[in-house]
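Heads up, the thing below is written out as structure tokens.
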Amino acid sequence: QVQLQESGPGLVKPSQTLSLTCTVSGGSITTNGYFWSWIRQPPGKGLEWMGTVGYSGSTIYSPSLKSRISISRDTSKNQFTLQLTSVTPEDTAVYYCASKRTSTILLVTKVDEYDYWGQGTQVTVSS
């Protein structure tokens with residue numbers, strides 16, 4: 001059973017960089033066919049797919065965040081990390097890391113089809 005756990009600061013100041021890490025257990029982030037994503041849910045809104053790193057290390061990002069987002073991975077620690085620059089209060093949300101097995105990275109945007117989820121972590125952007 002794959003388990004994911006988010007970690008990082010719960011409060012970030014405007015204009016700073018939000019950085020979260022997802023630690024994976026029960027499976028390897030390099031396992032063929034698995035994709036590892038960051039998904040967020042702002043207060044009162046639905047889930048928003050942010051970006052994904054694949055088992056081969058390839059990445060894909062939401063067009064709306066592409067200029068501010070970066071997802072990297074550390075295979076030695078079985079972790080992947082989100083960095084979101086120049087945050088504003090609109091980036092306040094519960095942030096989830098999640099995983100799905102699929103034949104193509106093109107399907108990772110469908111947030112209702114993920115197999116495994118972290119518990120989520122609240123990040124508030126405020127001065």
Side-chain angles (χ1 to χ4, degrees):
Q1 179 79 0
V2 175
Q3 294 184 320
L4 301 94
Q5 178 66 57
E6 306 90 350
S7 60
L11 180 64
V12 183
K13 293 183 178 180
S15 80
Q16 292 188 340
T17 296
L18 181 162
S19 183
L20 296 174
T21 295
C22 184
T23 300
V24 179
S25 59
S28 171
I29 62 173
T30 61
T31 299
N32 190 28
Y34 278 84
F35 295 87
W36 309 88
S37 299
W38 287 98
I39 296 166
R40 68 181 179 179
Q41 186 167 28
K45 298 184 179 180
L47 293 169
E48 176 189 9
W49 170 76
M50 301 178 69
T52 298
V53 58
Y55 59 94
S56 66
S58 59
T59 54
I60 184 172
Y61 302 126
S62 168
S64 66
L65 297 172
K66 194 171 185 179
S67 63
R68 299 196 292 131
I69 189 173
S70 176
I71 297 176
S72 60
R73 65 178 190 169
D74 186 334
T75 57
S76 67
K77 296 181 179 179
N78 216 32
Q79 296 175 332
F80 61 105
T81 298
L82 166 71
Q83 288 202 315
L84 187 66
T85 62
S86 304
V87 297
T88 72
E90 285 66 42
D91 293 307
T92 294
V94 177
Y95 285 75
Y96 298 92
C97 55
S99 174
K100 71 183 299 182
R101 184 175 183 180
T102 180
S103 59
T104 171
I105 198 170
L106 298 178
L107 296 178
V108 299
T109 62
K110 297 182 181 294
V111 296
D112 57 344
E113 296 181 355
Y114 274 76
D115 302 311
Y116 304 104
W117 292 78
Q119 66 182 21
T121 186
Q122 173 70 46
V123 177
T124 300
V125 179
S126 174
S127 56

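These values consider heavy atoms only, across backbone and side chains, with no hydrogens, waters or symmetry-generated copies. Note that this is a predicted model, so its numbers are computed, not measured.
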Next item on the list: Keeping the roles fixed (side chain from R68, backbone from L84), state whether a donor-acceptor pair exists under 3.5 Å.
Entry: no
Next item on the list: Using the rule that two of Ile, Leu, Val, Met, Phe, Trp, Tyr join whenever any of their side-chain heavy atoms come within less than 4.5 Å, decide whether I29 and Y61 are in one cluster.
Entry: yes
Next item on the list: Answer yes or no: is there a side-chain heavy-atom contact under 4.5 Å between I105 and S58?
Entry: yes
Next item on the list: With side-chain contact (heavy atoms from CB on, under 4.5 Å) as the test, would you mind laying out the steps for L11 and S126 before giving the verdict?
Entry: CA-CA 7 Å; L11 180 64; S126 174; 4.1 Å; yes
Check: Is there a side-chain contact between S25 and N78 (heavy atoms, below 4.5 Å)?
Finding: no
Notebook entry, point to check: Do P14 and T88 have side-chain heavy atoms sitting under 4.5 Å apart?
Noted result: no
Check: Is there a side-chain contact (heavy atoms from CB on, under 4.5 Å) between I39 and W117 once you walk through the steps?
Finding: CA-CA 10 Å; I39 296 166; W117 292 78; 3.6 Å; yes
Notebook entry, point to check: Are L82 and Y96 connected in the hydrophobic side-chain network, where two residues link if heavy atoms are under 4.5 Å apart?
Noted result: no
Checklist line | Inter-residue atom distance I60.CD1 - I69.CD1, 0.5 Å rounding | finding: 11.0 Å
Notebook entry, point to check: Judged by modelled atom types alone, do S64 and S62 share a side-chain donor-acceptor pair under 3.5 Å?
Noted result: yes
Checklist line | V108 side chain near E113 side chain, heavy-atom distance below 4.5 Å | finding: no
Checklist line | K100 to F35 six-membered ring, cation-pi geometry met (6.0 Å, 45°) | finding: no
Next item on the list: Drop me the distance from L18's CG to Y95's OH, to the nearest 0.5 angstrom.
Entry: 5.0 Å
Notebook entry, point to check: Mind checking whether Y34 and Y114 sit in one hydrophobic cluster, side chains of I, L, V, M, F, W, Y counted as touching below 4.5 Å?
Noted result: no
Next item on the list: May I ask you to test the T31-Y55 pair for a side-chain heavy-atom distance under 4.5 Å?
Entry: no
Check: Side chain of T124, backbone of T92: donor and acceptor closer than 3.5 Å?
Finding: no
Next item on the list: Going by the side chain to side chain donor-acceptor pair (under 3.5 Å) test, name the single residue among D74, T21, T23 that passes it with Q79.
Entry: T23
Notebook entry, point to check: Is the closest side-chain heavy-atom distance between W36 and I71 below 4.5 Å?
Noted result: no
Next item on the list: For the residue pair D91 and R40, establish whether any side-chain heavy-atom pair is separated by less than 4.5 Å.
Entry: yes
Notebook entry, point to check: Do V125 and L65 belong together in a cluster built from hydrophobic side chains that touch within less than 4.5 Å?
Noted result: yes
Check: Measuring from S37:OG to F80:CZ, what's the distance to the nearest 0.5 Å?
Finding: 7.0 Å
Next item on the list: First locate atom OG1 of T52, then atom CH2 of W38, and finally report the distance between them rounded to the nearest 0.5 Å.
Entry: 11.5 Å
Next item on the list: Measure the spacing between SG of C97 and CE of M50 and express it to the nearest 0.5 Å.
Entry: 12.0 Å
Check: Distance from L107 atom CG to R101 atom CZ, nearest 0.5 Å?
Finding: 14.0 Å
Notebook entry, point to check: Heavy-atom distance under 4.5 Å between the side chains of E6 and L20, does that happen here?
Noted result: no
Note to self: side chain to side chain donor-acceptor pair (under 3.5 Å) for S19 and T17? Distances and angles first, verdict last.
What the structure shows: CA-CA 6 Å; S19 183; T17 296; over 6 Å; no
